[in-house]
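In what follows, chains carry the letters A, B, and so on, assigned in the order in which the sequence lines appear, proteins first and then strands, with residues in each chain numbered from 1.
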Amino acid sequence: MSTGTAQEPRTTELAKAYEHRDVEGRWYRVWMERGYFHGDENDTTRPPFSIVLPPPNVTGSLHLGHALTATLQDILIRWKKMSGFNTLWLPGTDHAGIATQMVVEKELVKTEGKSRHDLGRPEFLKRVWAWKERFGSRIGEQHQALGASLDWERERFTMDEGLSRAVREVFVTLYEQGLIYREKTLINWCPRCHTALSDLEVNHEEGHKGELWSFAYPLSDGSGEVVVATTRPETMLGDTAVAVHPDDERYKAIVGKMVRHPITGREFPVIADSILVDPAFGTGAVKVTPAHDFNDFEVGKRHGLPAITVIGLDGKMNTNAGPLVDQDRFEARKNVKKIIAELGLDRESKPHVLPLGRCQRCETVLEPMLSWQWFVKIAPLAQPAIEAVEQGKTRFIPEQWTNTYMAWMRNIHDWCISRQLWWGHQIPAWYCPDGHVTVAREAPQACSTCGSATLRQEEDVLDTWFSSSLWPFSTMGWPEKTRTLQTFYPTSVMETGHDIIFFWVARMMMMGIHFMGEVPFRTVYLHPMVRDEKGQKMSKTKGNVIDPLVITEQYGADALRFTLAALTAQGRDIKLAKERIEGYRAFANKLWNATRFTLMNLSGFTVGLDPHKAARTAADRWILARLQRAVNETVEALDGFHFNEAANTVYQFVWRELCDWYIELSKEALYGDDAEKKIAAQAILVHCLETSYRLLHPMMPFITEELWNTLAAQVGGRWGDSLMTAAYPKPGPVDEDAERSFNPVIGVIEAIRNIRGEMNVPFKTPLADVEVGALEQSAHATVAQEKGRIERLSNATVAIVAAGRAPTKRGGSAVAVGEGFELRVGLAGAIDLAAESARIDKELSKVEQDLTGIERKLANPSFVERAPAEVVEKDRARSEELRDKRRKLEAHRAMLQEAEGTMETPNPAAETITPTAQVAETPPPEAPAAAPDTGETTPPQGEAETARQPKARRAPAKKAAKPARKAAKPAKKAPAAKKAAKPAKKVARKAAKPARAAKKTATRGAKKTAARGAKKVAKPAKKMARKPARKTAAKRGR
RNA sequence: GGGCGGAUAGCUCAGCGGUAGAGCAUCGCCCUUACAAGGCGAGGGUCGCAGGUUCGAAACCUGCUCCGCCCACCA
């Protein structure tokens, strides 16, 4: 963290590399001091946009899942704020009942060797509060390090006074409405945590390998026995019936008879129950233990059977278990089997796979336990919550979660809300000595039934999720009718992990609708889980938790945030690898250096110049168009919660287009004498950067704020107080013509670079003889205009032939045929005919391949008939283009073959090739090596042969080896039906460089533009078709 | 037992009817005065398997195989 005091940012020259430690940390305080984080409940001019932060456990510390939550929400909040919304992002923490209590208990044992019982409830609670005070602030610090623009003035805690009041209000109201009741019934009990749990807190272990053990109950009348099976033998001590199916002929005779318990001696009946018993399973007879099995409990109710509890709350057998009293339930299991075996009543044992309920927190096998508990009657609350989603009042993103939510809501059981813990909201119910219950908002003076003044408050506390379920409105001051509620409820977005859709989201829906009469949020965006590199969920128990602060310190908060955003695609979990973060840290550095470059080239900068009006060159107009497209796509992506697309769009623009292309292109103007072009380039650079900062700010708040201010100061003016309050770039029409018309320039530069690479001519060696031709009128004009830039970026001297004319044919040249141009690079003596031959061949085979596919399609009458006209038209044009390209390439190849032929027998015709004089004049660095080559032996026949020629040419051996290696491949592929048609040789050489290069750079604009001719017509159509749909969908929800 | 995801380049993942993409890794060439946390170029894919729909399928449908997750009171 920096100690800087940056009220005013530095305006000195930027450091050579971006150091996040020097920048982050300064800005957060500035933002906070200026009150930017505050949501204004009295603002009626701007539309509200609110999010409540899912409250982390107060004693916990943030992991990467939290960092993701904070990042995505901050992106939304900052974006909306910049887009003119009155934003509120409300922070807080959760008391996390059982989790916190256990942490403190453990600590207590460790440090003082005491249990909570040793301290007593009041003292223990004091300790928990102290713990909370000590560690609670950690969460805040972590969020601040991440740059989260949370409104700290409104920070809440689920057990603070206001929220506790809300909890009591809700409890009492629901009680009064008959929606909360107390009942002695079977619940899931954790013998270790010593508390009841809700259904959701039960983890079902799948496929637990258990045992199905059967034994016989002797009939009391001595007429025989009935064999039953169980996976939990110890529960037989609490059996109060044996059930059979009423239609089961085998047992008809014994229904109504009594059996005698072989251990306790109790007698109980054989009953008939068609719901419980599946005659096909096991023996068709079932032992019934109403006090320890959910099914049996129902049977007990149906048949009026007694429920005998044999296992105590601590998991040990109680006095009802006769001889097994005080034994642990698992020990008792063994002993019951032993005793029964000794009695000769055991019958069978076989392995049995069964689901096993375990405590979510401590993994202990749960015990169904009969006890008094408080419940929320859920059906009346669930129904409206179902309807709200059906009616689209709240929608889920990704949509698939709607089903999950619905399925759960429709099968929901009553919610057990009482917990036998100390840490939490103590249930506002009081008992008088007569056992009457008084439920009240504040401690009552007397029993509401009998008036007794002797009252004892219910000791149980509420499930921690009870208070969380009120979070969207309790944090805004409910039950008071506050301005905050009025302005910011319902919240705009609930953004959280899908793991708590039931625990939290569903319950907030129910409570919000019930108490506010309105859904708590319009959109639920459920983000993926962050997993470790192995794909495992990060959890404290697994020990694979990564502290975001460690990452932040190492790579910077911006890098972490951007990485998380870039990886947040809908529908898949995030496996976070360090390399990814490193990559995006490099991106931050790139942005830094792009700014640094600009700052170094601002002399003569003209303040107030409109970049669009100033634009002088095709390159200028191109980058401005690309910028606008990036803006459009980013906004659209954010609008649809496609964080990865937003991140990637900006990344591609800044790095690939602005830095790799425009900055390089702009050097021509910046270093040149044309003042007009120079100030235009400066204005455009500044404009692109400034816009990029704004685009990027929600994702990378620190570095963008720093650079924005630095650049503003350097260009002689302030753009505003802070980037945080600047306006987000607005979508608008894209100058597609500007995008398109620049493509030949990019194509030409890439083609030259490609030839350099393939021919092994280093960049520093100038190419003196480059000709560009076959340009149509408009392309010709552009290329001519951009000649200087082309030359700079390819380090070549370029001649442009008249529009429509091909470059002159000349030997000793490499040739590239791109979309809309043809290029010849004279390599003088440096030409490696074998390499060039191979290169052309490779290209030709690619053309051939593409052509074959397209022609086959076009030859198919049903395609021509049934495919959309534009698709057919596109393919026709493409086909034409490919044929043209093939023609040109073949011509070039013929020439190469001729040249190679001449090598075999040097003849006068060789003069048409590079004159030797030229070789002498402009020898590329390695050219001399080529000279002795001439007149070698071995007459190559075709170019393939040539390629394989191992002759010791100047061309390194590997070059020759390459095609050979590739040639091996087709053998593998040949079987593939689709490709079988082509000559194997051609299949082998697939890569067509210019095509590839053009595709790559033609940059996304070109792709998306319905360009003339064969260019990307289809793709844009697809994209357009998809995106607007998404957009409207997104809008509907608001 | 129900349900939901996933399977695409060596790795991590986008794309989800119309010419297979990114980042990282790999290979080659460059310390070109913004950036070596860099630049330029290249290689690399029967888009899990089998059927089907379609003029056209990585994408849609059916089945299957493997992963992962959620829900579930069959003794």
Reckon [X] touches a base, only the sugar-phosphate, or nothing at all at heavy-atom distances under 4.0 Å?
{"X": "R596(A)", "value": "sugar-phosphate"}
{"X": "W213(A)", "value": "nothing"}
{"X": "F502(A)", "value": "sugar-phosphate"}
{"X": "R656(A)", "value": "sugar-phosphate"}
{"X": "N795(A)", "value": "nothing"}
{"X": "N589(A)", "value": "base"}
{"X": "P861(A)", "value": "nothing"}
{"X": "L212(A)", "value": "nothing"}
{"X": "R232(A)", "value": "nothing"}
{"X": "E664(A)", "value": "base"}
{"X": "Y405(A)", "value": "nothing"}
{"X": "A867(A)", "value": "base"}
{"X": "I663(A)", "value": "base"}

Below the 4.0 Å mark, does [N] have OP1 or OP2 next to a side-chain nitrogen or oxygen of [X]?
{"X": "K16(A)", "N": "rA37(B)", "value": "no"}
{"X": "R753(A)", "N": "rC30(B)", "value": "no"}
{"X": "W655(A)", "N": "rG39(B)", "value": "yes"}
{"X": "K575(A)", "N": "rC13(B)", "value": "yes"}
{"X": "R866(A)", "N": "rC55(B)", "value": "yes"}
{"X": "N754(A)", "N": "rA42(B)", "value": "yes"}

>> On the side chain of K590(A), is there an atom forming a donor-acceptor pair with the base of rC35(B) - under 3.5 Å, no angle test?
In response: yes
> Looking at rA22(B), does its base get a donor-acceptor pair with the side chain of E645(A) below 3.5 Å?
Replying inline: no
>> Using 30° and 60° as the class boundaries, would you call the ring planes of Y18(A) and W592(A) parallel, tilted or perpendicular?
In response: tilted
> If you find the nucleotide of RNA chain B closest to A594(A) and the one closest to V277(A), which residue's nucleotide is nearer the 5' end?
Replying inline: A594(A)
> Got V286(A) and V228(A) here, is their nearest side-chain heavy-atom distance under 4.5 Å?
Replying inline: no
> So do L685(A) and S666(A) actually touch side chain to side chain, heavy atoms under 4.5 Å?
Replying inline: yes
>> Is it the case that the side chains of E855(A) and S879(A) hold a donor-acceptor pair, with the cut-off being a distance below 3.5 Å and no angle test?
In response: yes
> Salt-bridged, K885(A) to E843(A), with N to O below 4.0 Å?
Replying inline: yes
> Please walk me through it: do Y651(A) and Y584(A) pass ring-ring contact (aromatic ring centres under 6.0 Å, His included)?
Replying inline: CA-CA 9 Å; Y651(A) 179 94; Y584(A) 289 117; 5.5 Å; yes
For [X] and [N], what is the distance between atoms [atom1] and [atom2] respectively, to the nearest whole Å?
{"X": "H498(A)", "N": "rG5(B)", "atom1": "NE2", "atom2": "P", "answer": "12 Å"}
{"X": "L567(A)", "N": "rC24(B)", "atom1": "CG", "atom2": "P", "answer": "13 Å"}
{"X": "W408(A)", "N": "rA72(B)", "atom1": "CH2", "atom2": "P", "answer": "9 Å"}
{"X": "E758(A)", "N": "rG28(B)", "atom1": "CD", "atom2": "P", "answer": "14 Å"}

